[in-house]
Every structure is written in C-alpha cells, then in structure tokens.
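Values reported hereafter were calculated over all heavy atoms of this structure, with side chains retained and with hydrogens, waters and symmetry mates removed.
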Amino acid sequence: MDHHYLPPPLEYKSIPSQEIIYARFMGSPAIGPMKVYPAAEGFALEQRRKLKGPTLEIYTVQRNSNMTTEYLFFLEPMH
C-alpha cells in the first residue's frame, strides 16, 4: 500500500528517527497520566534528557473491556 495517497483527512508524514521513552499502562486512561507522566519525567532527568513536544498516547481496549495505554515520550538533550 502506498501511504502517500491516503484518502482525506488522513495524511502520511515521515519523521526522523529519535530517542523516546516507551511506557505501557494497563488500567484506566484517566489514571495513567498521573502515574506515567511523572515517572517518564523522572527517568528523562536521570538520563540527562528532557521531554519535548507532545506525547503520543495509543489506547487499546481488550475483549474483556480492560484498557491499555501506550505512551511515546520524545526526548532531547538537556542544555
């Protein structure tokens, strides 16, 4: 499939490779940010990095109605 010709309003965008923190939280997406965001910020500081830009959140509902949220935190070096 050629992703360059997706029907509107979908669009294809290529972004350069970059460092991220990947986190997965199993539970309510309402509680996830209160637990995951501070942990990601702390880990980034330990690695002498800081979070940049928006965080991507990917939600998955399993057959039994349980929720999983995957988080992609983009990183940049500390100045």
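- Among all heavy-atom pairs drawn from Pro33 and Pro38, the shortest one is O-CD, 3.4 Å.
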List the atom pairs, with distances to 0.1 Å, where a side-chain N or O of residues 42-57 and a protein N or O form a donor-acceptor pair under 3.5 Å, not counting sequence neighbours.
from  : atom 1 : to    : atom 2 : distance (Å)
Arg49 : NE     : Glu19 : OE1    : 2.8
Arg49 : NH1    : Gln47 : O      : 3.3
Glu57 : OE1    : Tyr59 : OH     : 2.3
Glu57 : OE2    : Tyr37 : OH     : 2.6

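- Here the closest heavy-atom approach between residue Ile21 and residue Ala40 is recorded as CD1-O, 3.5 Å.
- Note that CD of Gln18 is 8.5 Å distant from CD1 of Ile20, once rounded to the nearest 0.5 Å.
- Linking ILVMFWY residues whenever their side-chain heavy atoms come closer than 4.5 Å, directly or via other members, leaves Leu72 and Met26 in distinct clusters.
- Follow the hydrophobic side-chain contacts under 4.5 Å out from Leu10 and you reach Tyr12 in the same cluster.
- Distance CD/Glu11 to CG/Leu6: 9.0 Å, rounded to 0.5 Å.
- The two residues Phe74 and Ile15 have their closest heavy-atom pair at CE2-CD1, 4.5 Å.
- Within the structure, salt bridge (Lys or Arg N to Asp or Glu O under 4.0 Å) pairs that include any residue of residues 29-42 do not occur (at least two apart or interchain).
- Residues Arg24 and Tyr71 fail the side-chain proximity criterion, which asks for heavy atoms closer than 4.5 Å.
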